[in-house]
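Each remark here refers to the structure printed beneath this line.
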Amino acid sequence: MLQEFPEVDAGSGVKRQVLSEAPELMVVAFTFAEGGEGALHSHPHVQSTFVRSGRFRFSVAGKSFEVGPGDSFVIPSNAEHGCICLTEGQLIDTFTPRRDDFL
């Protein structure tokens, strides 16, 4: 079923928009300004991240790496992670189960 969700200001140069959701799965677009930051955090959800555009430096479970358009990776449940946007862009994240805090 097609639903529309508003884009919200997530702070630190980041905007968030839920694209689709069900109790078992959620897809979210994060749009970053250059220098925007996803602060270090963790959550029980497994997260898959796809870089739609831009360049980012990620830290996942103490390891740092850079990603660009077309790159994709999985963040395990409860792994501390965050990123800095090096070139403005967008990440498409999938969470399982759904992030109820985003609704």
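No option in Q47, H45, R99 other than Q47 meets the side chain to side chain donor-acceptor pair (under 3.5 Å) test with D93. Of the residues E34, E88, E66, the one that meets the salt bridge (Lys or Arg N to Asp or Glu O under 4.0 Å) test with R55 is E66.
The aromatic rings of F58 and F65 sit parallel, their planes meeting at an angle under 30°, below the 60° perpendicular limit.
Using modelled atom types and a 3.5 Å distance limit, the side chains of T31 and Q90 yield a donor-acceptor pair.
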Do any side-chain atoms of residues 4-26 form donor-acceptor pairs under 3.5 angstrom with protein atoms, and if so which ones, sequence neighbours left out?
{"unit_1": "D9", "atom_1": "OD1", "unit_2": "G11", "atom_2": "N", "d": "2.7"}
{"unit_1": "Q17", "atom_1": "NE2", "unit_2": "F5", "atom_2": "O", "d": "2.7"}
{"unit_1": "E21", "atom_1": "OE1", "unit_2": "R98", "atom_2": "NH1", "d": "2.6"}

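Here the shortest heavy-atom pairing between S72 and S48 reads OG-OG, 4.2 Å. Taking all atoms of both residues into account, the shortest heavy-atom contact from P69 to G54 is CD-O, 3.1 Å. In plain terms, the two heavy atoms of V51 and G68 that are nearest each other are CB-O, 3.2 Å.
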task = Begin from the C-alpha positions of T49 and F56 and carry the test side chain to side chain contact (heavy atoms under 4.5 Å, CB included) through to its verdict.
result = CA-CA 11 Å; T49 296; F56 299 83; over 6 Å; no
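I92 and L86 end up in different hydrophobic clusters when Ile, Leu, Val, Met, Phe, Trp and Tyr side chains are linked at under 4.5 Å. Both V27 and F50 sit in one connected hydrophobic cluster of ILVMFWY residues. Membership requires side-chain heavy atoms under 4.5 Å apart, directly or through other members. The hydrophobic clustering, which links ILVMFWY residues whose side-chain heavy atoms are closer than 4.5 Å, places V67 and F32 together.
In this structure, H81 NE2 and H41 NE2 are separated by 3.0 Å, a value rounded to the nearest 0.5 Å. From F95, atom CZ reaches atom CG of D100 across 12.0 Å, with rounding to the nearest 0.5 Å. The CZ atom of F30 sits 8.0 Å away from the CG atom of L91 when rounded to the nearest 0.5 Å.
Side-chain contacts under 4.5 Å among hydrophobic residues (ILVMFWY), followed directly or transitively, place V74 together with V46.
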